[in-house]
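Below is one structure, written out as structure tokens; comments come after it.
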Amino acid sequence: MSTDKKSIFVLEDGTNLMFTFILVSSLFLLWGFCNGMIDVMDKHFQEELSLTKSQSAWVQFAHYLGYFLMSMPAGWLASKLGYKGGIIAGLLLVAVGGFWFIPATHINALVHEGQFSATTAFVAFLAGVCVIASGLTFLETIANPYTTVLGDPRFAATRINLAQSCNGVGWIFGPIVGGAYFYSKDAQGHSTGSQNLYIPYVGIAIGVIVIAAIFYFANVPDIKAEDDYHLDDTKPGVTPSIWSRPHFVLAVAAQFLYVAAQAGIFSFFINYMTSEVPAIPNSWNATITNLAGHAGPLHNWLLDWFEMKNGILTVTNKGASSLASLGSMCFLIGRFSGAGLLRKYAAHKMLGLYGLLNVVTCFLIFCKLGWISVACVFLSYFFMSIMFPTIFALGILALESAPKRRPRTSLWQSWVGRYCQN
């Protein structure tokens, strides 16, 4: 088979699955957007409900609790419903979680009237986060391994990195949209974040219903890869357990450590940018103000980036949310460039190199070297870009005979990784 670009999506029988790949990639965009909003939510609850950093991390706990609760059921249902049925079920569950934010916001409003405690309101919001994550579990259970079989097996790592690049696009816009609503203020400068928090989630709910309808009418074929490791073989003396494969077990361990590290960096990015960044020159504020004057509809958005505290110019929560999108852009650039490099260089070597460089950047951040450390935060986004999909692709290499059930253990380890961060 030729190694031109189109061959990435062509099966041995000549079937071109590019359209199917594009359709499935939209799911990566969806959960990237949802995860991007989650990452800027912690600081909102810290201020609105007077929570500590560790208490606000319950947002991440609730998110990955949804993965933990649904990882095994999602894998089982996906094997029963097929790719299309599992995807539609996941999308509808995301819609339920999105609409739940309407009553959650109402409960929060009753807190100010003394009818409910702040804890009750927080738990109501966490319930919505958990339900959405449960729906995303269905999508990840199917989409991640599905991309690895939509063409030539040689390019499995390339396909999953391309698909996860859409995840990066969603992660760019998620913090911007989330920050716009979570840290919104009225004309008097009072926070209206709690009242507006439901708006983006209702938008997500409506959007996923539309996507579910598209999937219902689309052609999403089931593909069974060759059973190289005899995972479906029931003959005596042949073990079907994937845990008997050291390569897979080590990949799960690597994913466990990676997800914990990524969660810590992404979740507390706003805290870092609003408290650890060196003193910002006043000239920056003048530059932003001048730029805002010529930015048209982006005028107010740019003016909200900085504020004066005790005579020192600092980054606002909304400004930090926008900077989180810049970090996600570095992540996306890393995904696209990494997908290209993975076509030329061995996946395990690229993974090792990026992992080593990320260790270096994290060490420099820890050393508190001023703007050098700030720059390293964004570099860490870049070097994290290929790690999850590449670890995943290497871990299930030659284990795709029943791809709909393979990622269940990987999802469980993702939850444990985020739990360790909490």
Exercise for review: Test L139 against W31 for side-chain contact (heavy atoms from CB on, under 4.5 Å), laying out the working first.
Suggested key: CA-CA 9 Å; L139 305 182; W31 74 65; 3.7 Å; yes
Check your understanding: Would S321 and I270 count as a side-chain contact (heavy atoms from CB on, under 4.5 Å) if you check the C-alpha gap in whole Å, the side-chain angles of each, and the deciding distance to 0.1 Å?
Key -> CA-CA 7 Å; S321 297; I270 292 182; 3.5 Å; yes
Check your understanding: After noting the C-alpha distance and the side-chain angles of E47 and Y183, does the key distance pass the side-chain hydrogen bond (donor to acceptor under 3.5 Å, both in side chains) rule?
Key -> CA-CA 10 Å; E47 297 185 351; Y183 304 109; over 6 Å; no
Check your understanding: Between K318 and W305, does a side-chain contact (heavy atoms from CB on, under 4.5 Å) hold up when you go through it step by step?
Key -> CA-CA 6 Å; K318 187 176 287 187; W305 276 48; over 6 Å; no
Practice item. Report the C-alpha distance between D39 and F269 in whole Å, list the side-chain angles of each, state the deciding distance to 0.1 Å, and finish with yes or no for side-chain contact (heavy atoms from CB on, under 4.5 Å). Key: CA-CA 8 Å; D39 290 335; F269 177 88; over 6 Å; no
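For the ring-ring contact (aromatic ring centres under 6.0 Å, His included) criterion with F125, the lone passing option out of F182, W58, F45 is F45.
Interatomic distance, OG1 of T137 versus NE2 of H63, reported as 8.0 Å (0.5 Å rounding). One distance of note links CZ of R335 with OH of Y381; it measures 13.0 Å at 0.5 Å rounding. The CZ atom of F336 sits 7.5 Å away from atom CG of L162, with the distance rounded to the nearest 0.5 Å. Between the CZ atom in F28 and the CG atom in L136 there is a gap of 12.0 Å [rounded to 0.5 Å]. How far OG1 of T316 is from CE of M273: 12.5 Å, rounded to the nearest 0.5 Å. Atoms OH and CG, on Y354 and N358 in that order, are 10.5 Å from each other to the nearest 0.5 Å.
Of all non-hydrogen atoms in P200 and N196, the two that sit nearest each other are CD-O, 3.6 Å. Across F378 and V374, no two heavy atoms sit closer than the pair CD1-O, 3.3 Å. Among all heavy-atom pairs drawn from C34 and I204, the shortest one is SG-CD1, 3.9 Å. Between V315 and T274 the shortest heavy-atom distance is O-CG2, 3.5 Å. Minimum heavy-atom separation, F268 to A57: CZ-CB, 4.2 Å. The heavy-atom pair separating L91 from L27 by the smallest distance is CD2-CD2, 4.1 Å.
Residue F173 qualifies as open at atom CZ: its count of foreign heavy atoms under 6.0 Å is 12 or below. Taking a 6.0 Å sphere around CG of L353, one finds it holds more than 12 heavy atoms contributed by other residues, nucleotides or ligands.
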With a 3.5 Å cut-off and sequence neighbours excluded, list the donor-acceptor pairs that the side chains of residues 207-216 form with protein atoms.
none

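A 4.5 Å side-chain heavy-atom check between Y272 and I265 finds every atom pair outside the cut-off. A heavy-atom distance below 4.5 Å is not found between the side chains of W171 and M329. Contact annotation: the side chain of Q60 never approaches that of F266 to less than 4.5 Å [non-hydrogen atoms, C-beta and beyond]. Taking 4.5 Å as the limit, some side-chain heavy atom of F383 sits within range of a side-chain heavy atom of T361. Considering only heavy atoms from C-beta on, M384 comes within 4.5 Å of Y258 through its side chain. You'll find the side chain of V129 reaches within 4.5 Å of the side chain of F101, heavy atoms only. Here the side chains of D42 and K53 are not in contact, with every heavy-atom distance at 4.5 Å or above. Annotation: side chain of F99 is in contact with side chain of I206 (closest heavy-atom distance under 4.5 Å).
Both tests hold for R343 against F155: distance to the six-membered ring centre under 6.0 Å, angle to the ring axis within 45°.
For the residue pair E276 / N271, no side-chain donor-acceptor distance below 3.5 Å is found, with atom types taken as modelled. S322 and S325 are not linked by any side-chain donor-acceptor pair at a separation below 3.5 angstrom, with hydrogens and angles left out of the test. Looking at T105 and N108, their side chains never bring a donor and an acceptor atom within 3.5 Å of each other.
A ring-centre distance under 6.0 Å is not found for Y198 and W100.
Under the 3.5 Å distance criterion, the side-chain polar atoms of S267 are left unmatched by any main-chain donor or acceptor of G264. Side-chain atoms of S328 come within 3.5 Å of backbone N or O of A324 as a donor-acceptor pair. Side-chain atoms of R159 come within 3.5 Å of backbone N or O of I8 as a donor-acceptor pair.
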